[in-house]
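Report on the structure given below.
None of the values given here were measured: they were computed from a predicted structure.
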Amino acid sequence: PGQSSTTTYALALGPGVDVIGDVDLVDSGLTTTEGQKIYLFLEGEVVVGRVINLDDNGGSLDSTTWSFTKGDAAFAVAANETTGELYTAQWLSIYHNLTTSTDEPANITADALLVEVTARDGDGDPISETIGIGDQVIFEDDGPLLSGSEVSITVHEDALSQTAGTGTGNDSDVDGVTGNLESGTG
């Protein structure tokens, strides 16, 4: 009887680019809005993007003598083992350097996040390929959008305290302000 073939998907990390102590850290290519680099760690079958806490061992310029501890998780990426569908969660704010648009994408570096695709034929013979998919994991920052109906604002100066001069506080030159105000998020 014929046996069916299967395909499985597993996340992996690309080569490390930053060496801290004796560990090659995989830089995601992303930073937090506070400027902290986000590094990738394979935790079980989930890739977690984390900031790290560095100890430069008293100011040593030699990063091979430094150590680190894992800090807060910025995001996580998981893959469905049988379909390859990706799932993400985000906990920290990610810096987006495109400020001329209300649609600001930021993605992981392509070769920092990998997926290993393994296909097996009916009798179990495997073939595998590893593909860089980091640039397919995009964190969107949809900026605010102002829109809406006309708003009228009138400033009544009678209620303002008087600190100099005399009078009731009325200023005949200021009646109010009108214009269009729209608000919302993109």
- Query: Backbone N or O of Leu40 within a donor-acceptor pair of the Ser28 side chain at under 3.5 Å?
  - Reply: no

- Note on the structure: Hits for side-chain contact (heavy atoms from CB on, under 4.5 Å) against Trp66, two or more places apart or cross-chain, chain-then-number order -> Ile20, Leu54, Asp56, Ser60, Ser63

- Atom CD1 of Ile94 and atom OG1 of Thr32: how far apart are they, to the nearest 0.5 Å? 9.0 Å

- Note on the structure: In short, Gln36 meets Val51 closest at the heavy-atom pair CB-CG1, 3.8 Å

- Go through the steps for Arg50 and Tyr39 under the test side chain to side chain contact (heavy atoms under 4.5 Å, CB included), then give the verdict. CA-CA 5 Å; Arg50 292 184 176 276; Tyr39 292 94; 5.9 Å; no

- Take Leu25 and Phe68 through the side chain to side chain contact (heavy atoms under 4.5 Å, CB included) test and state the conclusion after the steps. CA-CA 10 Å; Leu25 294 177; Phe68 72 93; 3.6 Å; yes

- Message: Minimum heavy-atom separation for Leu42 and Glu45, please, with both atom names.
- Response: CD1-C, 4.3 Å

- Derivation of the side chain to side chain contact (heavy atoms under 4.5 Å, CB included) call for Val46 and Val77: CA-CA 6 Å; Val46 176; Val77 181; over 6 Å; no

- Query: Short question: side chain of Glu104, backbone of Ala106 - any donor-acceptor pair under 3.5 Å?
  - Reply: no

- Residues at least two apart in sequence or cross-chain that pass salt bridge (charged side-chain N to carboxylate O under 4.0 Å, His left out) with Asp27, listed by chain then number, are Lys37

- Item | Contact summary for Ala79 and Leu86, nearest pair of heavy atoms | CB-CD2, 3.8 Å

- Task: Could you check if a side-chain atom of Asp24 sits within less than 4.5 angstrom of a side-chain atom of Asp18, using non-hydrogen atoms only?
- Result: no

- Message: Would you say Val26 ends up clustered with Ile52 if hydrophobic residues are merged whenever their side chains have heavy atoms under 4.5 Å apart, either directly or through other cluster members?
- Response: no

- List the atom of Leu30, the atom of Asn107, and the distance in Å for their closest heavy-atom pair. CD2-O, 3.3 Å

- So, the side chain of His96 versus the backbone of Thr33: is there a donor-acceptor pair under 3.5 Å, distance only? no

- Item | Transitive ILVMFWY side-chain link Phe139 to Trp91, under 4.5 Å | no

- Message: Filter on side-chain hydrogen bond (donor to acceptor under 3.5 Å, both in side chains), then keep only pairs touching residues 71-81, sequence neighbours left out; what's left?
- Response: Asn80-Thr82, Asn80-Thr83

- Query: In a check of side chain to side chain contact (heavy atoms under 4.5 Å, CB included) between Phe75 and each of Ile108, Val137, Val47, Val48, which one passes?
  - Reply: Ile108

- Task: Check which hydrophobic residues are tied to Tyr87 through side-chain heavy-atom contacts below 4.5 Å, counting indirect links as well, and list them.
- Result: none

- With sequence neighbours left out, what residues match Ser67 under side chain to side chain donor-acceptor pair (under 3.5 Å)? none

Listing, residues 110-126 side-chain donor-acceptor contacts under 3.5 Å, not counting sequence neighbours, or none:
residue	atom	partner	partner atom	Å
Thr118	OG1	Ser128	OG	2.8
Arg120	NH1	Gly124	O	3.4
Asp121	OD1	Asp123	N	3.2
Asp121	OD1	Gly124	N	3.1
Asp121	OD1	Asp125	N	2.8

- Message: Do Tyr9 and Ile131 have side chains that approach each other closer than 4.5 Å (heavy atoms only, starting at C-beta)?
- Response: no

